[in-house]
Amino acid sequence: QVQVVESGGGLVQPGGSLRLSCTASGSTFSINVMGWYRQAPGKQREFVATITSGGSTNYRDSVKGRFTISRDNAKNTVYLQMNSLSPEDTALYYCNANRVLPTPRTYWGQGTQVTVSS
């Protein structure tokens with residue numbers, strides 16, 4: 001019922017910036033929390049940031065002060081502005097969208113690759 005699509009990934013040099021976008025479409029009327037996660041090769045997927053429909057945010061400690069999550073509720077779109085990127089940020093970045101009604105459910109995007117390298 002809900003499709004989630006990420007975009008904006010790419011290759012960037014250390015110290016550079018990228019802005020990721022994620023749009024949820026379909027039956028999005030009850031989407032409340034959206035978030036970003038990432039997974040590096042051979043590693044477990046990890047939490048990056050989340051944002052509620054009311055604008056409350058959470059970040060993992062390693063990205064605080066560098067990454068900013070925001071959303072446009074009218075467009076059902078969430079963004080991740082990433083600054084001061086380092087090679088340790090290299091990963092496949094996934095977006096998810098969570099709904100409560102009619103039943104609780106989580107939807108995941110296909111991922112967008114972020115590579116930080118000189």
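Nothing here was measured: the structure is a model prediction, and the numbers come from that model.
- No more than 12 heavy atoms of other residues, nucleotides or ligands shown are found within 6.0 angstrom of CD on Q3.
- The side-chain contact (heavy atoms from CB on, under 4.5 Å) test applied to R105 returns R99, Y107, not counting sequence neighbours.
- Here the straight-line distance linking atom OG of S21 with atom CD of Q81 works out to 9.5 Å at 0.5 Å rounding.
- Considering CG of L20 and OG of S7, their distance stands at 8.0 Å, rounded to 0.5 Å.
- Pairs passing the salt bridge (Lys or Arg N to Asp or Glu O under 4.0 Å) check and including a residue from residues 80-89, sequence neighbours excluded, read R38-D89, R66-D89.
- Residues N98 and M34 are not in side-chain contact: their nearest non-hydrogen atoms beyond the backbone lie 4.5 Å or more apart.
- Under the 4.5 Å side-chain heavy-atom criterion for ILVMFWY residues, no single connected hydrophobic cluster contains both W36 and V33.
- Closest approach of S118 and P14 over heavy atoms only: N-CD, 3.7 Å.
- Taking each heavy atom of S84 and S17 in turn, the nearest pair found is N-OG, 4.3 Å.
- For S70 against V78, the heavy-atom pair with the smallest separation is O-CG2, 3.1 Å.
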Please assess N96 against T106 for the test side-chain hydrogen bond (donor to acceptor under 3.5 Å, both in side chains), listing each intermediate value before the final yes or no.
CA-CA 7 Å; N96 77 7; T106 300; 5.5 Å; no
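- In this structure, I69 and Y79 have side chains that are not in contact, with every pair of non-hydrogen atoms separated by 4.5 Å or more.
- Between the side chain of N58 and the backbone N or O of A49, no donor-acceptor pair lies under 3.5 Å.
- Contact check for L85 versus V116: side-chain heavy atoms found under the 4.5 Å cut-off.
- By the salt bridge (Lys or Arg N to Asp or Glu O under 4.0 Å) test, K75 pairs with no residue at all, sequence neighbours left out.
- Cluster annotation: F29 is connected to V100 through the hydrophobic network of ILVMFWY side chains, with a link wherever side-chain heavy atoms come within less than 4.5 Å.
- Residue pairs that meet the salt bridge (Lys or Arg N to Asp or Glu O under 4.0 Å) test with at least one member in residues 4-25, sequence neighbours left out, do not exist here.
- Closest of all the heavy-atom pairs between V4 and C22 is CG1-SG, 3.3 Å.
- For the residue pair T23 / T77, a side-chain donor-acceptor distance below 3.5 Å is found, with atom types taken as modelled.
- In the hydrophobic clustering, F47 connects to Y37, L92, Y94, W108, either directly or through intervening members, whenever side-chain heavy atoms lie under 4.5 Å apart.
- For the atom pair CG of L101 and OG of S27, the computed distance is 12.0 Å after rounding to the nearest 0.5 Å.
- Residue pairs meeting the salt bridge (Lys or Arg N to Asp or Glu O under 4.0 Å) criterion with at least one partner in residues 107-118, sequence neighbours excluded, do not occur; the list is empty.
- Proximity of Q13 to S117: side-chain heavy atoms (C-beta onward) are nowhere separated by under 4.5 Å.
- Between G8 and T112, the shortest heavy-atom contact is N-OG1, 4.2 Å.
- Between the N73 side chain and the S53 main chain, a donor and an acceptor come within less than 3.5 Å of each other.
- At least one side-chain heavy atom of F67 sits less than 4.5 Å from a side-chain heavy atom of V48.
- For the pair V114 and T90, the minimum side-chain heavy-atom distance is 4.5 Å or more.
- Side-chain contact between R60 and T50: absent, with no pair of heavy atoms (C-beta onward) separated by less than 4.5 Å.
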